[in-house]
There are 2 protein chains.
Amino acid sequence: MVSFDSFTLCGGVPIYQQILLYLKRGAVSGAIADGDELPSRRVLSALLGVNPNTVQKAYRLLEEEGLIVSHTGSKSLMSLTAETLSRLRAELLAADTKEAVRAFRQMGLTKEEAVEWIERFWEEED
Amino acid sequence: MVSFDSFTLCGGVPIYQQILLYLKRGAVSGAIADGDELPSRRVLSALLGVNPNTVQKAYRLLEEEGLIVSHTGSKSLMSLTAETLSRLRAELLAADTKEAVRAFRQMGLTKEEAVEWIERFWEEED
DNA sequence: CCAACTGTATTATAGCAGTAATACGGCTCG
DNA sequence: CGAGCCGTATTACTGCTATAATACAGTTGG
């Protein structure tokens with residue numbers, strides 16, 4: 001069963017997208033594996049304190065992308081092939097790195113200063 | 001006069017927030033200085049291809065934050081004290097770095113791998 | 001001076017995100 | 001079997017983003 005213990009909602013980004021990112025990044029890290037059961041829509045919505053429709057939207061988008069499989073009556077399961085994981089990893093890393101580099105460059109930092117900030121913040125979180 | 005030549009709109013983030021970030025990051029980098037003239041609301045909206053009200057919202061929020069001064073009939077000016085710049089720099093760097101580190105950690109990267117990705121992407125953009 | 005610009009304000013419209021309440025059909029397990 | 005889960009679907013409402021069309025007051029510069 002996929003755990004949402006380390007999931008924390010943060011403002012500014014749509015909740016359904018945060019759920020998408022959490023599951024995709026978990027898959028890339030290996031914490032979430034092919035065949036893992038997902039919490040039901042109702043259970044997860046209660047756990048996160050959001051509307052069931054918000055979770056449903058996230059799950060529906062994941063299914064359209066082929067990352068989960070759903071059948072009426074049964075729990076949804078992660079569906080992760082090697083090719084899917086490879087594609088996901090490249091997509092997410094490129095997007096996040098590009099955005100960070102863009103921000104650092106716009107603020108006039110050198111590459112060395114940017115790396116220093118990353119290293120400084122690396123230990124500070126759980 | 002503050003230039004928007006290197007400004008590019010991207011989807012997913014409200015336009016007025018992109019304008020806010022562009023001006024704040026420009027101030028932190030030194031490319032935008034205290035007393036610099038800003039394009040008028042009408043001129044900038046035409047330049048970006050967005051509605052004048054969207055630019056007006058960005059400028060209004062900047063004025064509420066004390067980063068620009070506006071007087072009816074005259075162009076708005078950047079208003080950047082040393083303390084303002086110091087606060088801005090700390091705020092923006094912390095926010096951007098924290099978000100990047102969060103993404104890298106959720107994907108299971110080590111600190112060294114994260115730094116490597118930053119360095120790899122550093123040169124690839126203009 | 002006065003035309004053309006500036007900032008500011010108002011009202012209306014459309015679309016999307018998120019919430020809320022509800023309903024229906026299928027699977028599981030005691 | 002049947003109660004209680006599960007996924008799925010529909011409708012309605014709120015708030016934010018962005019657009020659109022005006023209108024008015026103050027400044028600037030030829």
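Computed over heavy atoms, backbone and side chain alike; hydrogens, waters and symmetry mates excluded. Just so it is clear: chains get the letters A, B, ... in the order the sequence lines come, proteins before strands, and each one is counted from 1.
- Under the 4.0 Å criterion applied to side-chain N and carboxylate O atoms, A:Lys24 and A:Glu91 are not assigned as salt-bridge partners.
- For the pair A:Glu64 CD and D:dT8 P, the computed distance is 11 Å after rounding to whole Å.
- For C:dT8, one of the phosphate oxygens OP1 or OP2 lies less than 4.0 angstrom from a side-chain nitrogen or oxygen of B:Arg41.
- Nearer the 5' end of DNA chain D, as judged by each residue's closest nucleotide, is the contact made by A:Gly73, out of A:Arg60 and A:Gly73.
- In summary, B:Glu83 and B:Arg87 do not engage in a salt bridge, as defined by a charged side-chain N under 4.0 Å from a carboxylate O.
- Ranking C:dA20, D:dT19, C:dG18 by closeness to the A:Asn53 side chain, first place goes to C:dA20.
- Among the nucleotides D:dA20, C:dT8, D:dT8, the one closest to the side chain of B:Arg42 is C:dT8.
- In this structure, A:Gln17 places its CD atom 14 Å from P of C:dC16, rounding to the nearest Å.
- B:Tyr16 comes within 4.0 angstrom of sugar-phosphate atoms only, judged by non-hydrogen atoms across all strands, and of no base.
- When distances are taken from the side chain of B:Lys57 to each of D:dT19, C:dT8, D:dT17, the shortest belongs to D:dT17.
- Taking atom CG on B:Leu9 and atom C1' on D:dT17, their separation rounds to 14 Å, with Å as the unit.
- Summarising the geometry, atom OG1 belonging to A:Thr54 is positioned 9.5 Å from atom CG belonging to A:Leu48; distances are rounded to the nearest 0.5 Å.
- For the pair A:Asn51 and B:Ser40, nearest-nucleotide mapping onto DNA chain C gives the more 5' position to B:Ser40.
- Remark on DNA chain C: of its neighbouring residues A:His71 and A:Pro14, the 5'-side contact belongs to A:Pro14, judged by nearest-heavy-atom nucleotide.
- Side-chain atoms of A:Ser74 lie closest to C:dT28 of the nucleotides C:dT28, C:dT6, D:dA20.
- Separating the OH atom of A:Tyr59 from the C1' atom of D:dA9 is a distance of 18 Å, rounded to the nearest angstrom.
- The main-chain N or O of A:Trp122 is found under 3.5 Å from a side-chain atom of B:Arg105 such that the two form a donor-acceptor pair.
- Residue A:Ser70 places no side-chain N or O under 4.0 Å from the OP1 or OP2 atom of D:dC6.
- B:Val43 comes within 4.0 angstrom of sugar-phosphate atoms only, judged by non-hydrogen atoms across all strands, and of no base.
- Among C:dG7, D:dC6, D:dA21, the nucleotide with an atom closest to any side-chain atom of A:Lys75 is D:dC6.
- Residue-level contact check: A:Val69 touches neither bases nor backbone, having no heavy atom under 4.0 Å from any strand.
- Put simply, CD on A:Gln56 is 17 Å from P on C:dA20, counting in whole angstrom units.
- Within a 6.0 Å sphere centred on CD of B:Gln56, heavy atoms belonging to other residues, nucleotides or ligands number more than 12.
- The listed nucleotides are C:dT28, D:dT19, D:dG7; the one nearest the side chain of A:Thr72 is D:dG7.
- Of the residues listed (B:Glu123, B:Glu124, B:Glu119), the one engaging A:Lys111 in a salt bridge (Lys or Arg N to Asp or Glu O under 4.0 Å) is B:Glu123, and it is the only one.
- Side-chain proximity of A:Glu63 to the nucleotides C:dT6, D:dT8, D:dC6 is greatest for D:dT8.
- For the pair A:Glu37 CD and D:dG7 C1', the computed distance is 14 Å after rounding to whole Å.
- One can place CG of B:Leu61 at 13 Å from C1' of D:dT17, the figure rounded to the nearest angstrom.
- For B:Ile15, whose side chain is taken as the heavy atoms from C-beta onward, the closest listed nucleotide among C:dG18, D:dG7, D:dA18 is D:dA18.
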